[in-house]
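Let me begin by presenting the structure, written as structure tokens, before commenting on it.
The first residue of the sequence shown is numbered 1, and numbering continues consecutively from there.
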Amino acid sequence: MRRHFFILLAAALLAGGPAMARGATPPAPCAVSSETARGADAGATATPAETGPIHLSLDEAVAAAIASNPGLRALLHRSAAAERSAKAAGRTRWGQLDAFFNYTRYNDDWIVRPMSREMFEEVGGFAGLPWDRNQRHYGLTFQIPLYMGGQLSNGIEVRRLEAKKSMALLEGSRWQVRFNAVSLYTGIQTLDAMGDAVDDLIHSLERTKQRLDIMVETGKRPKLDRLKVLEELEDARAQRASIQADRVRVSSLLLALMGKDPSGQVVADPLPDRIPAASLTPPELRKAAVQSSTILRARFTAEQGERGVRVATASFIPKVVASGNVVQNAAPSLDNPLDTWQVSVGVVVPIFHGTSRFEELAAAKENRSAARNALVQARVDTLARLEEAMARFHAAAAELRAARARVAAGDEAARIEQIRYDTGAGTVEDLLRAQSRKENARASRAKALGALLTAAERINSIVEKEAVK
């Protein structure tokens with residue numbers, strides 16, 4: 001009996017514990033602003049433990065985990081940084097304008113203003129040119145890319161796709177945190193229900209022991225019966241202590257998920273005695289799954305691979321850049337600064353780079369092929385996880401129905417064995433076995449219900465919709 005009960009306990013913990021997915025699976029991306037990221041810093045550190053137990057409903061636990069989870073905050077900032085980086089890359093197409101200033105002291109007098117035809121036409125010739133060894137030059141320079149062979153536009157698109165991937169990862173991580181919060185909260189509910197079952201078993205054994213004490217003293221029952229009850233009673237108490245330790249562990253994980261001090265204590269609502277129902281048919285679930293964030297991010301990566309090939313190809317194409325400057329040249333020998341300006345259009349034709357561009361192009365094509373295969377793998381993996389989750393959901397529902405029948409049968413069998421033992425028609429072994437089956441059935445019902453709720457939320461986390469409620 002002891003071994004059977006521990007098997008049930010371990011199964012319940014596996015059903016209720018957090019199951020982190022290999023990759024977060026978010027829905028369609030949404031815009032994330034840096035102001036939102038900065039706002040997430042408020043209360044970023046773990047809050048101190050409350051003075052007493054924290055009572056949370058399931059919805060409150062999920063909302064607190066999504067709002068305060070430190071990992072989500074980190075992803076929020078990364079998503080905002082990727083969005084800003086994409087904007088910065090897009091604005092490079094407008095060129096750049098810089099101001100400059102330099103002061104130079106030469107070993108001898110140098111001409112201040114560059115020579116031009118006007119200087120030769122002035123009276124005085126070279127003698128009239130401004131010369132000075134201390135010179136100041138300041139002004140503006142600008143540069144505008146006119147044609148980059150697609151290198152600039154594709155590079156900008158790669159940055160934008162990276163921002164979309166970051167936002168998709170953020171949304172998918174929210175679904176994953178939601179699943180972890182539900183599974184941990186359900187684990188607490190399951191352990192509470194199993195603890196109640198063990199408490200009832202302990203109370204039943206204590207009552208049986210009290211009656212046996214009287215019977216042994218009057219000689220109606222042998223001392224061996226009391227020893228057997230004592231053994232079962234101490235075993236049940238040990239199981240209760242183990243359940244309590246596991247509850248502390250799961251409660252600490254839930255508080256840590258919510259960004260709170262793990263030393264606190266969570267009081268959860270009782271398990272709802274209902275079977276969740278799916279609002280989508282299996283084909284609709286599969287259709288939703290292929291639009292999940294895991295596949296979405298893989299699709300963005302494949303698009304980045306294609307853009308990367310275009311960027312590498314653009315390295316073979318000539319580039320056209322317009323540039324210019326406006327400069328004021330000043331020196332102590334001049335009363336007023338002399339102005340100069342320049343506008344130019346330059347063409348750069350790549351000829352030889354040690355064959356490095358060919359290798360970069362080949363590497364980009366390999367990355368593109370890898371991304372395309374990763375997209376296929378992400379799709380089949382997501383569909384496989386969905387099939388597994390649906391199978392576990394149906395299996396848990398069947399287990400719950402069977403456990404309910406076992407509870408009804410166990411209650412009746414324990415009642416009958418108690419009457420038989422009190423009247424002397426039954427043995428203490430029969431009574432103990434009946435009581436154990438009764439409480440094991442209640443624990444199995446709690447475990448099946450917890451597994452069912454967790455399996456339902458697993459489906460929701462895969463399709464990223466409230467598909468099972």
NZ/NE/NH1/NH2 to OD/OE distance under 4.0 Å, Glu284 and Lys287: no
Worked verdict on Ser166 versus Arg78 for side chain to side chain donor-acceptor pair (under 3.5 Å): CA-CA 7 Å; Ser166 297; Arg78 291 173 185 169; over 6 Å; no
Side-chain (Gln189) to main-chain (Asp269) donor-acceptor, under 3.5 angstrom: yes
Pairwise distance CD1(Ile144) to OG1(Thr92) - rounded to 0.5 angstrom: 12.5 Å
Residue Lys365 excluded, over 12 heavy atoms near NZ under 6.0 Å: no
Donor-acceptor contact below 3.5 Å, side chain Ser251 vs main chain Val266: yes
Cation-pi, Phe101 ring and Arg136 (6.0 angstrom, 45 degrees): no
Inter-residue atom distance Thr186.OG1 - Asp192.CG, 0.5 Å rounding: 11.5 Å
Residues, nucleotides or ligands: over 12 heavy atoms within 6.0 Å of Arg240 CZ: yes
Side-chain donor-acceptor contact under 3.5 Å, Asp59 with Ser57: no
Glu466/Arg178 ion pair, N-O < 4.0 Å: yes
Asp339 (side chain) donor-acceptor with Gln328 (main chain) under 3.5 angstrom: no
Ser344 side chain to Ser323 side chain, donor-acceptor N/O pair below 3.5 angstrom: yes
Listed partners of Gln304 passing side chain to side chain donor-acceptor pair (under 3.5 Å), at least two apart: Glu162, Lys165
Distance, nearest 0.5 Å, that separates OH of Tyr185 from CG of Leu58: 6.0 Å
Thr454 side, atom OG1; Phe393 side, atom CZ - distance, nearest 0.5 Å: 11.5 Å
Polar side-chain atom of Asn134 near backbone of Arg105 as donor-acceptor pair, under 3.5 Å: no
For Ala181 against Ala65, the heavy-atom pair lying closest together: CB-CB, 4.0 Å
Heavy-atom closest contact (Pro70 atom, Ala256 atom, distance): CD-O, 4.4 Å
Ser85 (side chain) donor-acceptor with Ala81 (main chain) under 3.5 angstrom: no
Shortest non-hydrogen contact between Pro145 and Gly95, atoms and distance: CD-CA, 3.8 Å
Side chain to side chain donor-acceptor pair (under 3.5 Å) against Arg442, all qualifying residues, sequence neighbours excluded: Asp200, Glu439
Donor-acceptor pair, side chain of Arg392 and main chain of Ala455, under 3.5 angstrom: no
Stepwise salt bridge (charged side-chain N to carboxylate O under 4.0 Å, His left out) check, Asp108 with Arg133: CA-CA 5 Å; Asp108 203 348; Arg133 66 187 304 186; over 6 Å; no
Backbone of Ile317 reached by a side-chain donor or acceptor of Lys319 within 3.5 Å: yes
Closest heavy-atom pair and its distance - Phe100, Val327: CZ-CG2, 3.7 Å
Full working for side chain to side chain donor-acceptor pair (under 3.5 Å) between Asn325 and Thr141: CA-CA 4 Å; Asn325 61 64; Thr141 64; over 6 Å; no
Test item: side-chain donor near acceptor, Gln96 and Asp98, under 3.5 Å: yes
Closest non-hydrogen atom pair, Ala371 against Ala302: CB-CA, 3.6 Å
Verdict with supporting geometry, Glu157 and Arg310, salt bridge (charged side-chain N to carboxylate O under 4.0 Å, His left out): CA-CA 11 Å; Glu157 189 61 27; Arg310 297 180 186 179; over 6 Å; no
Salt bridge Glu399-Arg445, side-chain N to carboxylate O under 4.0 Å: no
Shortest non-hydrogen separation from Leu72 to Ser173 and the atoms involved: CD2-CB, 3.5 Å
Ser315 (side chain) donor-acceptor with Ala312 (main chain) under 3.5 angstrom: yes
Residue pair Thr382 / Ile462, side-chain heavy-atom distance below 4.5 Å: yes
Lys/Arg N to Asp/Glu carboxylate O, Glu387 vs Arg286, below 4.0 Å: yes
Pair Asn329-His137, side chain to side chain donor-acceptor pair (under 3.5 Å): steps then yes or no: CA-CA 5 Å; Asn329 310 278; His137 305 273; 2.6 Å; yes
Passing candidate, side chain to side chain contact (heavy atoms under 4.5 Å, CB included) with Leu453, options Val468, Val182, Leu271: Leu271
